[in-house]
2 protein chains.
Amino acid sequence: MLSKKTKYAINALVYIAKNKHEQPISVSKISEEQNIPLKFLESILTELKNARILNSKKGKYGGYSLNGTTEEIHMAQVLRLFDGAIALLPCVTYRFYERCEECIDEETCGIRQIAMEIRNETVKRLKAATLEDIIEREKILKK
Amino acid sequence: MLSKKTKYAINALVYIAKNKHEQPISVSKISEEQNIPLKFLESILTELKNARILNSKKGKYGGYSLNGTTEEIHMAQVLRLFDGAIALLPCVTYRFYERCEECIDEETCGIRQIAMEIRNETVKRLKAATLEDIIEREKILKK
DNA sequence: TTATACCCTACTAATTTGGTAGGAATAATA
DNA sequence: TATTATTCCTACCAAATTAGTAGGGTATAA
């Protein structure tokens, strides 16, 4: 399951992407429009900024804007940032590798292979889920 | 990520399946062979019994045996039992449906559609991952 | 210079995870 | 029938994670 943090982050990013003509957008605006607790959202956007997914501008009329195009930013990035590894097992992740303590032989572990196949498929789809793709899907669904 | 409970459960099931000629098998035997804390494993096997995935036999020379063939028992069942929903969002699960509180319109939510596609693919693969399949994969990997 | 924003450091309550402890009930066998 | 090996049942618990809140400090445009 995605954490609320991840869901909030994606919703905020999609919102910013949809309103790119009026950037930067303030936290309070996003908070109101997207139903996200203000202070919590503040910390989320700070993390997105530190990860260079967003740009920020301080002071009056400041706010956040995308750092990159809507085709470059995708769900896999956001998910890894807030929820960590995407895979079902720590031993099949690339960035967050860890051995399963209870595992007797990683090389011949049957569920490891299955977890790897699922991860590959999932990551492929999450990378394809760019902001552009999400917005496009919503347009089609609205018809 | 799979919880330890789920991993322990799968390892125990695979172990029981591999040794089906000497059933029933006691918790202590599985605990030793599979590196799983005894008391914790006890509670896991009780849950598997309550879910009718295992049979139990009380008293001396008692223990657990599979309730069903190795082709019938698969990872999706076990995962749902211990970790709940498989999907990334509560609004795309069949058995554990819940609305996302923050969601503005479920019908036109772009990430919902993506989550649904990922769930379908993942469930398909987890259902194909029967005990038989896991054991077969391990045989091939050992060569 | 003032109002509007982001930035930073703490704190916290509730839930989940990964167990442990102790004994009662049951069944095989000597 | 006593012993022993096993499952079954209830209760407890510590650590980690999640989903926030509180309270200012700091930068900047008008």
Side-chain angles (χ1 to χ4, degrees), chain A residues 1-12 16 22-32 34-65 67 79 81-85 88 90 96 98 100-102, chain B residues 1-12 16 22-32 34-65 67 79 81-85 88 90 96 98 100-102:
Chain A
M1 284 275 182
L2 300 187
S3 65
K4 289 214 164 185
K5 232 173 172 175
T6 299
K7 279 195 280 178
Y8 288 157
I10 294 168
N11 288 341
I16 296 170
E22 43 175 299
Q23 289 188 14
I25 304 176
S26 71
V27 181
S28 53
K29 182 88 189 290
I30 303 170
S31 161
E32 281 164 30
Q34 289 296 300
N35 239 333
I36 307 170
L38 179 68
K39 278 296 202 175
F40 196 31
L41 180 59
E42 219 173 276
S43 70
I44 292 166
L45 298 189
T46 301
E47 278 191 78
L48 286 168
K49 194 212 71 183
N50 291 337
R52 287 149 196 266
I53 294 170
L54 287 178
N55 287 316
S56 70
K57 200 180 161 202
K58 290 184 195 174
K60 204 170 179 180
Y61 299 112
Y64 290 92
S65 54
N67 182 25
L79 215 142
L81 181 61
F82 294 107
D83 291 347
L88 293 174
F96 304 91
E98 233 173 285
C100 295
E101 313 162 42
E102 73 281 4
Chain B
M1 284 276 181
L2 302 186
S3 65
K4 288 214 165 187
K5 232 172 172 176
T6 299
K7 280 196 279 178
Y8 288 158
I10 295 168
N11 288 340
I16 296 170
E22 42 176 299
Q23 288 188 16
I25 303 177
S26 72
V27 181
S28 54
K29 182 87 189 291
I30 303 170
S31 161
E32 282 165 30
Q34 290 294 301
N35 240 333
I36 307 171
L38 179 69
K39 278 297 203 174
F40 196 30
L41 180 59
E42 217 175 279
S43 70
I44 292 167
L45 297 190
T46 301
E47 277 191 78
L48 286 169
K49 191 212 74 185
N50 292 336
R52 287 153 197 264
I53 295 170
L54 286 179
N55 287 316
S56 70
K57 200 182 161 204
K58 288 185 196 173
K60 203 170 181 179
Y61 300 111
Y64 291 92
S65 54
N67 183 24
L79 215 144
L81 181 62
F82 294 106
D83 291 347
L88 293 175
F96 303 91
E98 234 172 287
C100 295
E101 314 161 43
E102 74 281 4

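Each chain gets a letter, A, B and so on, in the order the sequences are listed, and its residues count up from 1.
Nucleic acid contact class of B:K4 (heavy atoms, under 4.0 Å, all strands): sugar-phosphate only. Among the atoms of the strands shown, none is found under 4.0 Å from any heavy atom of A:F82. Contact annotation for A:Y61: backbone-only contact, meaning every heavy-atom pair under 4.0 Å involves sugar-phosphate atoms and none involves a base.
The environment of A:E22 atom CD is dense: over 12 non-hydrogen atoms of other residues, nucleotides or ligands sit within 6.0 angstrom.
In this view, B:F96 satisfies the ring pair (Phe, Tyr, Trp, His ring centres under 6.0 Å) rule with no residue, not counting sequence neighbours. Judged as a side-chain contact (heavy atoms from CB on, under 4.5 Å), and not counting sequence neighbours, the contacts of B:N55 are B:S65, B:N67. With sequence neighbours left out, the side-chain contact (heavy atoms from CB on, under 4.5 Å) criterion links A:I36 to A:Y8, A:Q34, A:L41. Annotation: side-chain contact (heavy atoms from CB on, under 4.5 Å) contacts of A:P90 (sequence neighbours excluded): A:E98, A:C100, B:M1, B:K7. Applying the salt bridge (Lys or Arg N to Asp or Glu O under 4.0 Å) rule to A:E32 yields no partners; only residues at least two apart in sequence or on another chain are considered. The ring pair (Phe, Tyr, Trp, His ring centres under 6.0 Å) test applied to A:Y64 returns no partner, not counting sequence neighbours. By the salt bridge (Lys or Arg N to Asp or Glu O under 4.0 Å) test, B:K58 is found to be paired with no residue, residues two or more places apart in sequence or in another chain being considered. By the side-chain contact (heavy atoms from CB on, under 4.5 Å) test, B:T6 pairs with B:L2, B:S3, B:I10, B:V78, B:L79, B:F82, B:D83, sequence neighbours left out.
Comparing B:K60 and B:E42, the nucleotide of DNA chain D nearest to each residue sits closer to the 5' end for B:K60.
Contact check of residues 46-59 of chain B against DNA chain D (heavy atom, cut-off under 4.0 Å) returns B:K49, B:S56, B:K57, B:K58, B:G59.
Residue pairs that meet the salt bridge (charged side-chain N to carboxylate O under 4.0 Å, His left out) test with at least one member in residues 41-51 of chain B, sequence neighbours left out, are B:K5-B:E47, B:K39-B:E42.
On the nucleic acid side, DNA chain D has its first and last nucleotide under 4.0 Å of a heavy atom of chain B at D:dT4 to D:dC9, going 5' to 3'. Where DNA chain C meets chain B (any atom under 4.0 Å from a heavy atom), the bounding nucleotides read 5' to 3' are C:dG18 to C:dT29.
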